[in-house]
Protein chains: 2
Amino acid sequence: MLKISELSEQTGLSAHTLGYYEKHGLINASNRSEAGYRFYTDSDVRRVEFVKTARNTGFSLEDIGQLLSIRVDKLSHSCQEVTDITRKKLDEVNAKLLELQSMQQTLQLLLDKKNAERTEQGGAAK
Amino acid sequence: MLKISELSEQTGLSAHTLGYYEKHGLINASNRSEAGYRFYTDSDVRRVEFVKTARNTGFSLEDIGQLLSIRVDKLSHSCQEVTDITRKKLDEVNAKLLELQSMQQTLQLLLDKKNAERTEQGGAAK
DNA sequence: GTTGACCTTAGAGTTAACTATAAGCTTATA
DNA sequence: TATAAGCTTATAGTTAACTCTAAGGTCAAC
């Protein structure tokens, strides 16, 4: 069980940001102390990491809410709805993957070229 | 040669957004008419598409400025600087790729499960 | 030659996502 | 037991990235 400062340290997100995510319904502390202090489980940590990952790859908080609901939600949507949302999000993820792969290739080529230059002529800089 | 409205249509970005990108030094029209109308070449279009792609995968406009400078800039940075920036950006891209791949896997599994359910019991919905 | 769609620049307004401040309660340490 | 660090909620402020408005110039079509 982690306190919010410990969760903050583990995830690299500020306690303020965690509060912001909670206010927007993305995360929640599984437990509270008598006095109301938040306590987080391993499962909570994984959820926060997921939000961080999705955020980092360009999904909005609203998108992320949908992504999370796919994993959890067996009640508030019909099967067909869940399937549709999942497919739509998967398409988005795949599109981003393709885009990133082409960017990766471009950068890798540039780096390889730099390295070749350095190797063949002993590092004469600009 | 495309006018700004045509570029807007081709890229799906509004003329306002294109102006915003120009003001921030990310893109530019290769040519202007007598009266000052912007005209864009194929190369301009590719640059805009690159900005759009990077934006969509979670890079800030500042990041994108750096990414673009790697591709173009042979003068304002030393070789070593360019190599360092390139490597840093490549690391970022690779990290995002890993994150997206794990998300893709999660979603694909969910979808496969849905399909299996549908197949094995003839589509009895919730 | 005038009308309407499109272009220009400049600047104001909006939204998402933080980020910080404040006032007060809790809890471990000296 | 007091003092400081950490927690609570609520609310205000900031920043990036658009998005819109306005005032006026351009250009093709009628």
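Hydrogens, waters and symmetry mates play no part in the numbers below; they use all other heavy atoms, side chains included. Just so it is clear: chains get the letters A, B, ... in the order the sequence lines come, proteins before strands, and each one is counted from 1.
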| said: Taking the cut-offs as 6.0 angstrom to the six-membered ring centre and 45 degrees off its axis, would you call B:K89 and B:F59 a cation-pi pair? | reply: no
| Whole angstrom value for the distance that separates C1' of D:dC18 from NZ of B:K52 | 15 Å
| message | Just the rounded figure in Å: distance from C1' of C:dC6 to CD of B:E9. | response | 13 Å
| field | Distance test, side-chain N/O of B:Y21 to OP1/OP2 of D:dC18, below 4.0 Å | value | yes
| remark: Rounded to whole Å, the CG-P distance (B:L18 to D:dC18) equals 10 Å
| field | Other ILVMFWY residues reachable from B:M1 by side-chain steps of under 4.5 Å | value | B:Y37, B:F39
| field | Euclidean distance, atom CD of residue A:E34 to atom P of D:dC7 [Å, nearest integer] | value | 18 Å
| request: Check the distance between D:dC20's P and B:L13's CG and give it to me in whole angstrom. | output: 14 Å
| task | Please identify each residue that fulfils side-chain hydrogen bond (donor to acceptor under 3.5 Å, both in side chains) with A:S60, with sequence neighbours left out. | result | A:D63
| said: Protein within reach of the bases, or only the backbone? For nucleotides 8-16 of chain C, mark each nucleotide 5' to 3' as B, S or -, using heavy atoms under 4.0 Å. | reply: SS-------
| Under 4.0 Å between a side-chain N/O of A:S5 and OP1 or OP2 of D:dC7, yes or no? | yes
| request: Output every pair passing ring-ring contact (aromatic ring centres under 6.0 Å, His included) with a member in residues 7-26 of chain A, not counting sequence neighbours, ordered by first then second residue. | output: A:Y20-A:H24
| Pairing residues for A:R38 by the salt bridge (charged side-chain N to carboxylate O under 4.0 Å, His left out) criterion, not counting sequence neighbours | A:E22
| request: Can you sort out the partners of B:E62 under side-chain hydrogen bond (donor to acceptor under 3.5 Å, both in side chains), two or more places apart, ordered by chain and number? | output: none
| field | Rounded distance in Å - CG (A:L7) to P (D:dC7) | value | 11 Å
